[in-house]
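Proteins get letters first, then strands, A, B, ... in listed order; numbering begins at 1 in each. This structure is a prediction, so every number in the text was calculated from the model and none was measured. All values below were derived from every heavy atom in this structure, side-chain atoms included, with hydrogens, water molecules and symmetry-related copies excluded.
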Amino acid sequence: MSDRPARNAIEVRSVSKIFGSGEARFAALDRVSVEIRENEFFTLLGPSGCGKTTLLRLIAGFDFPSEGEIFLHGEDIAPLPPFKRPVNTVFQSYALFPHMTVAENIGFGLEMLGKPRAEIEARVAQMLKLVRMEQLAGRRTSQISGGQQQRVALARALAPQPKVLLLDEPLSALDFKLRKEMQIELKRLQHETGITFIFVTHDQEEALTMSDRIAVMSAGKILQVGTPWDIYDKPAERFVADFIGETNFLTGTVDGIANGVGRARLGSGIEIPATIAEGFAPNGAATIIVRPEHARAVKSGGHLAGTVETIVYFGTDTHIHVRLDQGDVFTVRQQNSRSQSCGFEIGDRAGIEIAADGAQVLRD
Amino acid sequence: MATAAETAKHAEQEQVRRRWLLSTPALIIIFVAAIGPLFVMLAYSFMAKGDYGDVKFGTFSLDGWTSVLFQRDIFDDTLGLADAHLSILWRSLRLSFYTTVLTLIFGFPTAYFISTRPPHTREIWVFLVTIPFWTNLLIRTFAMQQVIRNEGLVNTALIWLGIIERPLQIMHTDVAILLGMVYVYLPLMVLPLYASMEKLDFRLVEAGYDLYASRLQVLWRIIIPLVKPGIIAGSILVFIPSLGAYVIPRILGGGKNMMLGNLIELQFGSGRNWPLGAAISITLMAMVMVALLVYVRNATRSGAGHG
Amino acid sequence: MARRPFDIRAQPGFGFIALITFFALYLPIAALVAYSFNAAESLSHWEGLSLRWFVSAWQNTAVQDAAIRSLMLAVWAAALATIAATMAALATTRTAPYRGLTFKYAFINQPLMVPEIVTAVALLIVFSRIKVWTGYSGMGYLILAHTAFCIPFAYLPIRARLESMDLTLERAAADLYATPWKAFRHVTLPLLRPAIIAGFMLAFVISLDDVVITEFVKSGGQDTLPTYMLGQLRRETSPEINAIATVFLALSVLLVTVFFFVNRRKP
């Protein structure tokens with residue numbers, strides 16, 4: 001046992017997971033460390049193959065790390081088999097037992113823990129109520145809809161009152177409308193139960209809307225951990241900026257850094273203020289990013305200049321792609337109004353004005 | 001406390017151990033009562049025959065193998081071809097080939113017919129093929145005998161119709177064996193053919209007609225190439241047991257029209273030549289293995305082609 | 001005039017050949033069953049309906065003996081084969097390929113690949129010597145031989161079921177505090193039950209039907225129903241054999257029908 005404060009529900013300490021050996025050696029996780037706080041809705045976000053599901057499986061106990069430790073409330077659980085961990089999982093495919101009823105599924109964990117029958121029944125009833133499935137308790141799991149199966153999977157995993165709930169892309173099998181409903185439902189459940197949720201997804205929008213904090217993963221590493229706002233507005237690395245939302249990448253030089261802010265000199269020679277990612281080392285060229293909604297196309301002036309190449313109408317807004325004189329394409333997103341067009345035609349000269357707090361300098 | 005890496009290694013070793021423990025009973029039973037005896041038989045084929053059956057244990061002799069194809073002349077002790085054995089080998093190969101072709105001729109349209117039925121009735125047709133498949137081979141052979149024997153269904157009907165006056169002697173001929181084998185092994189052709197036809201994508205047939213193919217051309221250029229794996233599987237499934245047939249020729253062929261299976265039995269019975277019997281058995285097994293190898297090579301190649 | 005629409009699935013003559021095939025499949029069986037109700041003393045002519053041959057078969061002690069022996073042998077062989085096959089299937093499915101896996105497949109399916117007559121004489125060679133050495137000539141040999149060739153048949157449906165079964169169900173059980181044994185007992189086994197029943201029934205029918213291997217392995221006085229019938233067929237046959245065959249046939253059809261419906265019922 002360790003004496004560290006129990007504020008962290010899960011603490012992953014330099015965990016690696018290696019598959020195969022020799023030529024076929026592949027590190028699914030490469031010395032990953034992360035701390036997940038109690039009562040937090042924490043999301044592991046990344047493309048498929050980034051290691052997010054592997055990390056979840058290590059926490060659940062379906063696999064063991066090749067190196068490193070995983071603490072649950074200060075206790076190293078990495079060597080424990082899954083049935084000895086107070087952690088439950090909602091599986092991507094739900095994995096409901098087809099030979100049991102809804103109620104039997106929900107009570108399974110408590111039954112395995114050897115709880116008295118009366119306690120199991122009371123808890124199952126409570127869970128059914130929590131996920132609003134009271135009337136379907138006696139149904140077979142094959143006789144209920146996908147959304148209902150999802151609720152049963154949640155109730156089943158919550159019934160034994162785990163310290164941490166793991167959710168492996170649980171919404172990916174649902175259609176758009178149901179997914180939106182379940183996102184709200186999940187937030188409500190997390191709020192009501194006060195259990196730490198670790199949520200795995202490749203859907204950036206889902207991650208941004210649901211999470212307290214997000215860890216962005218790529219190629220077996222965690223690149224950045226932060227609130228949705230941090231991740232979107234202050235990405236530290238190119239991958240994070242590129243994976244989440246749309247981004248314009250510019251190159252320039254940076255000087256005058258103080259308190260995380262500096263001056264970025266763009267290719268056009270104009271200087272603009274920019275926030276600087278943590279760990280940035282000024283050595284020559286720097287990558288500066290600007291989100292399309294943080295810039296404006298103007299008839300004259302602006303920080304950059306170019307020619308309008310394409311105009312794409314999106315209903316709520318219009319995307320104007322401007323070919324800069326330096327050669328790159330810069331995208332600007334402009335809110336539409338009912339009475340006016342965007343004011344540009346293909347081939348027009350245009351200037352680009354970047355909002356005063358619109359620029360961020362990346363670490364790499 | 002063990003580290004996670006040690007636990008992982010331990011769990012893996014445990015899994016390897018459990019896998020072998022779980023498979024051991026099946027492997028031992030099959031080794032003792034199926035594979036092991038084949039090796040003993042191989043050894044027996046190289047021993048001298050005993051005077052009253054069995055072998056002279058521990059002796060070495062190639063007589064068993066030479067007498068598969070040759071026989072020693074009683075008078076001048078020279079080796080000549082064993083005509084009887086050769087004709088039995090030839091009959092086995094010929095009848096097995098005919099059986100395969102005939103079951104294919106009847107089985108292909110039948111499987112196609114079943115696979116083009118509506119889904120709910122399809123199951124019933126498959127069931128109708130499955131019933132004879134699971135009916136005792138001896139009973140089905142016996143049933144065929146009821147049809148072709150001198151006072152059987154065919155002869156009675158033909159005489160009643162006035163087409164013939166005296167019953168046709170079908171029993172105890174090669175034709176009887178052939179009819180029996182076609183009858184008994186037909187389900188073995190239909191079922192794998194059906195399995196591959198069921199997966200046939202009829203949009204490809206539509207595409208064929210759309211590109212001006214006639215019915216025959218669609219059959220020949222689209223359907224048959226697509227279900228080729230089923231044709232090969234069915235042919236192998238029919239050819240192999242035909243080659244090793246024992247009960248059918250024994251009942252329908254009478255004593256004289258032997259196939260390899262009966263020749264083997266003869267050596268272990270009244271022939272009292274166990275080394276020869278063992279040698280013929282191994283020859284038969286080798287022929288089956290060759291057929292299987294051809295099948296496996298074909299199956300993997302067509303699998304790769306379509307994959 | 002209405003023309004029949006073009007049916008892309010139709011092939012000329014195929015339906016006709018199929019119907020001939022089905023007719024041919026059932027005609028001999030029908031003839032066999034019909035003759036079992038023949039009142040005549042021999043199969044050569046028809047003298048009207050009668051159940052006398054069923055009665056005569058029922059009262060024939062040799063038939064009774066053989067039938068009981070057949071059933072006992074099939075129950076033992078099918079039970080042992082199903083247990084061995086279930087264990088083997090658990091060890092050979094749902095795993096990444098490991099060393100020895102192909103070897104196990106080949107081993108388990110071996111009895112399917114060798115002609116029965118070859119296995120039969122090989123067993124004759126080995127068992128006849130063991131019988132001399134040990135002096136034991138009981139049913140053990142038949143049970144062992146039958147178990148061996150029943151294993152691949154019992155293995156077939158069990159393996160198929162396991163392979164279509166998601167490992168995540170067992171993972172979910174483990175996640176919900178089930179130890180490996182409890183997960184097997186409460187999740188794997190109940191889900192596998194239909195396949196185990198199917199495997200047992202397949203093995204049972206296969207054992208019940210066997211003639212060749214039994215004929216060569218049995219000791220004196222160990223006739224099963226099929227070997228008894230084979231022996232009788234050598235002589236001039238009386239409709240009693242038809243009666244036995246008809247009952248046997250009815251039993252097989254019953255088993256296959258049950259099997260068909262057990263398998264069709266989706267869990």
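The parts of C:P28 that come within reach of chain B are both its backbone and its side chain, each placing non-hydrogen atoms under 4.5 angstrom from that chain. The parts of B:F202 that come within reach of chain C are both its backbone and its side chain, each placing non-hydrogen atoms under 4.5 angstrom from that chain. Within the 4.5 angstrom heavy-atom criterion, only side-chain atoms of C:I206, from C-beta onward, approach chain B. Using a 4.5 Å cut-off between heavy atoms, C:V126 contacts chain B through its side chain alone, with no backbone atom that close. Heavy-atom distances place the side chain of C:F22, and not its backbone, under 4.5 Å from chain B. With a 4.5 angstrom heavy-atom cutoff, C:L19 touches chain B only via side-chain atoms.
By the 4.5 Å heavy-atom criterion applied to side chains, C:L233 and B:Q145 are counted as neighbours. With a 4.5 Å cut-off on side-chain heavy atoms, B:V205 and C:R9 do not count as touching. The side-chain heavy atoms of C:I29 and B:Y183, taken from C-beta on, include a pair separated by under 4.5 Å. Using a 4.5 Å heavy-atom cutoff, the side chains of B:N136 and C:P226 are in contact.
If you tally non-hydrogen atom pairs under 4.5 Å between each of C:K104, C:H146, C:M229 and chain B, the highest count goes to C:K104.
Atom CD1 of C:I17 and atom CD1 of B:I105 lie 8.5 Å apart (nearest 0.5 Å). Interatomic distance, CD1 of B:I251 versus CG of C:L230, reported as 5.5 Å (0.5 Å rounding). Atom OH in C:Y26 sits 5.0 Å away from atom CD1 in B:I131 (nearest 0.5 Å). The distance from the CZ atom of B:R19 to the CE atom of C:M87 is 15.0 Å, given to the nearest 0.5 Å. Here B:Q146 contributes atom CD and C:L27 contributes atom CG; the two are 11.0 Å apart, rounded to the nearest 0.5 Å. A distance of 13.0 Å separates CZ of C:F149 from CD1 of B:I29, quoted to the nearest 0.5 Å.
Under the 30°/60° scheme for interplanar angles, the aromatic rings of B:Y209 and C:F6 are found to stand perpendicular.
For B:R18 and C:Y98, the positive end is not near the middle of the six-membered ring at less than 6.0 Å and at most 45° from its axis.
Looking at B:R215, its side chain does come within 3.5 Å of a backbone N or O of C:A10 through a donor-acceptor pair. Formation of a donor-acceptor pair under 3.5 Å by the B:Y112 side chain with backbone atoms of C:Q11 is not found in this model.
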